[in-house]
Amino acid sequence: MKKHYSSDSDHFILQRLKTATASRHSQVEQRFKILDPQLSLDQYINWLSRLYGYYEPFERMVEPWSVEIAIGWTDRRKTPLLVKDLSLLGLTNEEIASLPACHSLPVLTNIGSLFGALYVFEGATLGGRFIANHLSNILKLDAENGAGSFLPYGFDPKPHWLAFQSRLCEVAASDFHENQIILSAKETFDSFDAWLAEF
């Protein structure tokens, strides 16, 4: 069933998503201890390696959908930034390529499930500037020496986030896709949390 979305109904799907994933979002934030005030450089490298182990296979899985995404997928990929940061922190290309990779990724079967999964990681960029500030204060790292992954859109990720939200609302213009978006977002949070729990 096709819906004609107004700004109010756009807000409704976004609020639905936020509410449906709130507890999972909180769980991942508690698991991902990168804001630990005692964070060491070795711990940071391990967390960064863990992110690479999820993002690399996930973004490879998303790649065939790049045209359907229609919001500049190439500019939104985080894997190149993670590779750059890990290299700047001393890992060789061989070491990066041999890092453990997640094999329990969310299943992408349609555009709705795709945008549900992307919602998790596009949303994560909003907190990147706070992580970047923390890394600067604790480890003296910035975008030039190992913390660029957390500033993929610079210090103002809002324009990219708003563009993503707009496209997500377009995709959610049917009951089927709306439900798929929410289900996939939940599954992605669960998958990512399980991956971080192995650290």
Side-chain angles (χ1 to χ4, degrees), residues 18 21-63 73-106 116-161 164 185-199:
K18 184 175 181 180
T21 60
S23 62
R24 289 170 168 86
H25 189 178
S26 178
Q27 176 67 24
V28 167
E29 285 187 333
Q30 292 177 38
R31 183 90 64 193
F32 188 49
K33 299 183 184 302
I34 204 164
L35 291 175
D36 185 338
Q38 304 303 320
L39 183 74
S40 70
L41 182 60
D42 284 343
Q43 287 173 326
Y44 172 60
I45 293 172
N46 284 335
W47 281 121
L48 209 60
S49 299
R50 205 73 187 157
L51 290 180
Y52 173 84
Y54 195 97
Y55 273 93
E56 195 282 329
F58 173 75
E59 292 189 341
R60 214 165 359 98
M61 186 173 64
V62 171
E63 197 67 34
W73 168 241
T74 300
D75 293 337
R76 291 176 183 269
R77 292 177 65 241
K78 310 303 186 296
T79 301
L81 297 175
L82 289 163
V83 170
K84 180 181 177 181
D85 283 345
L86 289 166
S87 297
L88 288 169
L89 292 166
L91 274 70
T92 65
N93 290 337
E94 292 75 16
E95 287 171 330
I96 294 171
S98 65
L99 289 171
C102 181
H103 300 293
S104 298
L105 297 165
L118 290 176
Y119 168 81
V120 175
F121 298 110
E122 283 297 317
T125 63
L126 295 176
R129 62 191 185 278
F130 300 110
I131 295 175
N133 285 334
H134 175 70
L135 295 173
S136 177
N137 292 332
I138 299 297
L139 299 175
K140 309 306 177 188
L141 297 177
D142 56 31
E144 302 304 317
N145 65 353
S149 303
F150 299 99
L151 295 171
Y153 311 137
F155 274 94
D156 185 14
K158 190 174 180 181
H160 284 78
W161 175 237
F164 175 78
K186 290 178 178 179
E187 290 177 347
T188 303
F189 269 118
D190 289 343
S191 168
F192 190 51
D193 182 57
W195 174 243
L196 294 179
E198 296 181 22
F199 172 62

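- Between Leu89 and Gly146, the shortest heavy-atom distance links the atoms CD1-O, 4.0 Å.
- Atom CG of Leu139 sits about 7.5 Å away from atom OG of Ser40, to the nearest 0.5 Å.
- Checked against salt bridge (Lys or Arg N to Asp or Glu O under 4.0 Å), Glu198 has the following partners two or more places apart in sequence or in another chain: Arg50.
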- request: Please step through side chain to side chain contact (heavy atoms under 4.5 Å, CB included) for the pair Glu63 and Trp73, ending with a clear verdict.
  value: CA-CA 8 Å; Glu63 197 67 34; Trp73 168 241; 2.9 Å; yes
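- With hydrogens and angles ignored, the 3.5 Å screen pairs no side-chain donor or acceptor of Ser26 with any backbone N or O of Ala22.
- Nearest heavy-atom pair, Leu86 versus Ile45, reported as atom, atom and distance to 0.1 Å: CD2-O, 4.2 Å.
- Two residues are said to be in side-chain contact when any heavy atoms from C-beta on lie closer than 4.5 Å; Gln43 and Lys33 fail this criterion.
- With sequence neighbours excluded, the residues satisfying salt bridge (Lys or Arg N to Asp or Glu O under 4.0 Å) with Arg60 are Glu56.
- Remark: Tyr153 pairs with His160 by the ring-ring contact (aromatic ring centres under 6.0 Å, His included) rule, at least two apart or across chains.
- Residue Arg31 comes nearest to Trp47 through the heavy atom pair O-CH2, 3.3 Å, listed as atom of the first residue, atom of the second, then distance.
- Atoms CG and CG, from Leu151 and Asp156 in turn, are 11.0 Å apart once rounded to the nearest 0.5 Å.
- For residues 131-149, the pairs satisfying side-chain hydrogen bond (donor to acceptor under 3.5 Å, both in side chains) are Asp85-Ser149, with sequence neighbours left out.
- Scanning for ring-ring contact (aromatic ring centres under 6.0 Å, His included) contacts around Phe192 gives Tyr54, Phe121, with sequence neighbours left out.
- Taking CD1 of Ile34 as the reference point, atom CG of Leu48 lies at 6.5 Å (rounded to 0.5 Å).
- Gln27 and Ser23 share no side-chain donor-acceptor pair at under 3.5 Å.
- Distance check, rounded to the nearest 0.5 Å: OG of Ser87 to CG of Asn93 gives 5.5 Å.
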task: Would you check, one step at a time, whether the test side chain to side chain contact (heavy atoms under 4.5 Å, CB included) holds for Leu118 with Phe58?
output: CA-CA 10 Å; Leu118 290 176; Phe58 173 75; 4.2 Å; yes
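- In terms of the salt bridge (Lys or Arg N to Asp or Glu O under 4.0 Å) criterion, residue partners of Lys78 (sequence neighbours excluded) are, by chain and number, Glu122.
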field: Pair Leu88-Leu141, side chain to side chain contact (heavy atoms under 4.5 Å, CB included): steps then yes or no
entry: CA-CA 10 Å; Leu88 288 169; Leu141 297 177; over 6 Å; no
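- In terms of modelled atom types and a separation under 3.5 Å, the side chain of Thr21 and the main chain of Arg24 share no donor-acceptor contact.
- Minimum interatomic distance between Pro57 and Cys102 (heavy atoms only, all atoms of both residues): CG-O, 3.7 Å.
- Listed for the Ser191 side chain is a donor-acceptor partner under 3.5 Å among the backbone atoms of Ser104.
- Residues Pro80 and Glu59 share a closest heavy-atom pair of CD-OE1, 4.5 Å.
- Of the inter-residue distances, the one linking Tyr119 atom OH with Phe189 atom CZ reads 6.5 Å to the nearest 0.5 angstrom.
- Smallest separation of non-hydrogen atoms from Tyr44 and Ala147: OH-CA, 3.6 Å.
- Residue Asp36 holds its CG atom at 8.5 Å from CD1 of Ile138, rounded to the nearest 0.5 Å.
- At a threshold of 4.5 Å between non-hydrogen side-chain atoms, the residues Pro157 and Phe164 do not count as touching.
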